[in-house]
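Everything numeric here is computed off the predicted structure, so don't read it as measured data. All values below were derived from every heavy atom in this structure, side-chain atoms included, with hydrogens, water molecules and symmetry-related copies excluded. Numbers restart at 1 for each chain; the letters A, B, ... are given by sequence-line order, proteins then strands.
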Amino acid sequence: MPIAHTPTAVPVVVDEAKCIADKGCTVCVDVCPLDVLRISDLTGKAYMKYDECWYCMPCETDCPTGAVTVNIPYLLR
Amino acid sequence: MDEIKSGLTEVVCDILVIGGGTAGPMAAYKAKRHSPGARVVLLEKANVKRSGAIAMGMDGLNNAVVPGYATPEQYTKEITIANDGICDQAPVYKYASRCFEIIQELDGFGIKFQKNENGDFDVKKVHHLGSYVLPMPNGDTVKKALYRQLRREKVLISNRYMATRLLTGRDGQIAGAIAVNTRSAEFLVLRARTVILCAGAAGRLGLPQSGYLWGTYENATNSGDGYAMAYHAGAALANLECYQINPLIKDYNGPACAYVAGPFGAYTTNSEGNRFIECDYWSGQMMQEFYNELQSGKGPVFLKLNHLHSDTIGKIEAVLHQVERPSRGRFHENRGTNYRERMIEMHISEIGFCSGHSASGVYVDEFARTRCQVSMRPAIWQASRTITCSAPSPTERWRASTRRKLQPTSTSPTTTPPMSCASSNACWPRHDGRMAFRLTSLNTRRDAS
């Protein structure tokens with residue numbers, strides 16, 4: 001499985017100002033069927049770690065603070 | 001809510017349900033209702049709250065056999081024709097016969113199916129012969145409703161464990177499964193008197209035309225693991241020659257979806273604006289018609305809605321852009337395409353397996369029993385059997401959980417198998433101690449943290 005080390009346009013974008021993962025929230029990580037999200041050790045915020053999105057959107061729908069946005073970059077190109 | 005605590009290496013249960021999408025929760029719920037004293041474990045590689053092909057929701061049940069609209073005989077004939085005869089009629093008929101009671105039950109769960117002014121189910125015609133498409137206006141609540149039932153029945157849920165092999169006893173009977181934690185790579189052995197396999201089909205069989213490997217039409221978590229496990233355990237597979245190619249919106253990995261738009265007056269057209277498909281329901285014939293049109297000079301092919309009233313299109317959008325695959329609205333927005341202005345270009349998906357439409361997968365008889373060896377011994381293993389439930393993929397509209405409903409087991413599974421059964425069993429993995437299964441060096445996905 002490829003791990004996204006370099007900055008790249010990944011589908012799931014988290015607004016760190018709104019994300020409350022540092023307060024213990026793990027909703028988006030829990031609900032992702034493909035399990036591609038994680039909480040960053042560095043920032044304490046959620047981010048897309050594995051670039052394997054199916055664009056199904058539970059992360060965006062279930063986020064309690066509306067911090068998550070799912071883009072669909074690959075299919076638009 | 002992981003009931004299986006990490007560090008545990010062996011779990012003993014009466015009924016193990018593999019797969020927590022749609023069919024699995026339904027099977028676990030039914031098993032627990034039937035035998036409240038039984039220890040029922042539901043195994044899921046994601047999180048049962050949002051997992052499987054309809055993690056977001058489902059916009060309609062496209063195989064609703066509702067009295068007054070259709071009969072089980074008619075439905076069985078319909079599917080046989082659609083699949084060019086590649087189908088086992090007995091389980092399809094059984095599904096059709098019991099469909100209505102399960103629709104009512106799901107309706108009672110709060111998954112509201114569309115009803116007309118008389119309060120009857122509002123079934124639409126999409127198929128060749130009869131009417132079987134039942135819209136689900138609040139289909140985004142499916143997973144939540146099922147999850148609520150599981151919690152109420154106190155089914156044990158094990159998230160983030162992916163079953164990798166079924167374990168068989170000396171006589172070929174299924175005796176449990178091995179699972180691996182998808183994050184920590186720890187192994188878990190689950191011993192069960194009965195295993196109900198509810199894994200999905202194989203959605204990632206073909207390469208998506210976008211080149212993005214997770215941009216498959218079918219749900220990417222339907223990895224075909226259930227088929228493989230069943231096959232390795234000695235079960236037969238059935239009807240896989242009836243694989244699927246689906247019409248989709250060009251460059252978007254989701255259904256087009258004529259089933260939703262068709263009843264409102266939308267249709268598939270060629271570049272000349274003419275209809276060329278006899279019937280929008282998935283069938284070999286329909287895909288042949290689609291392929292022929294693409295190959296002829298009349299391609300590309302379009303989904304035509306721009307002849308409809310703006311309000312009607314709004315209703316279609318409310319379903320297509322919100323319930324099952326909400327990212328579709330975003331796709332059109334970014335592409336600058338609008339149903340109101342012009343026809344939307346369509347194409348065909350890569351190949352994949354979808355157990356619902358094609359009635360394919362692990363072979364089961366009308367009681368959802370596989371062809372794993374039947375025990376000749378009168379011992380406790382008599383109760384052991386595998387039952388298969390196929391999980392739906394986004395296109396198949398809910399056939400699965402209703403089709404292959406769990407049948408009562410022959411004995412009341414309230415006691416656990418004695419250790420001697422397992423240890424005398426040559427096919428069980430050898431283990432001197434529980435730590436033997438804690439293999440953490442596997443090259444699988446792991447958290448750096």
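Side-chain atoms of Trp214(B) never come within 3.5 Å of backbone atoms of Asp51(A) as a donor-acceptor pair (strictly under, hydrogens ignored).
Rounding to the nearest 0.5 Å gives a distance of 8.5 Å between CG of Asn159(B) and CG of Asp30(A). Atoms CZ and CZ, from Arg183(B) and Arg38(A) in turn, are 4.5 Å apart once rounded to the nearest 0.5 Å. To the nearest 0.5 Å, atom CG of residue Leu34(A) and atom OG1 of residue Thr182(B) are 11.0 Å apart. Interatomic distance, CH2 of Trp54(A) versus CG of Asn219(B), reported as 4.5 Å (0.5 Å rounding). From Met57(A), atom CE reaches atom CZ of Arg328(B) across 13.5 Å, with rounding to the nearest 0.5 Å. One finds the CG atom of Asp62(A) at 9.0 Å from the NZ atom of Lys49(B) (value rounded to the nearest 0.5 Å).
Not counting sequence neighbours, Lys143(B) has no partner by the salt bridge (Lys or Arg N to Asp or Glu O under 4.0 Å) test. Evaluation of the ring pair (Phe, Tyr, Trp, His ring centres under 6.0 Å) rule for Tyr212(B) yields Tyr55(A), Tyr74(A) as partners, not counting sequence neighbours.
With a 4.5 angstrom heavy-atom cutoff, Val29(A) touches chain B via backbone and side-chain atoms both.
Heavy-atom pairs under 4.5 Å with chain A were tallied for Gly211(B), Ser51(B), Ala220(B); the largest tally goes to Ala220(B).
The two atoms that bring Arg330(B) and Ile72(A) nearest to each other are C-CD1, 4.0 Å, heavy atoms only. Nearest heavy-atom pair, Ala46(B) versus Cys32(A), reported as atom, atom and distance to 0.1 Å: CB-O, 4.4 Å. Closest heavy-atom contact between Val31(A) and Arg50(B): O-CB, 3.2 Å.
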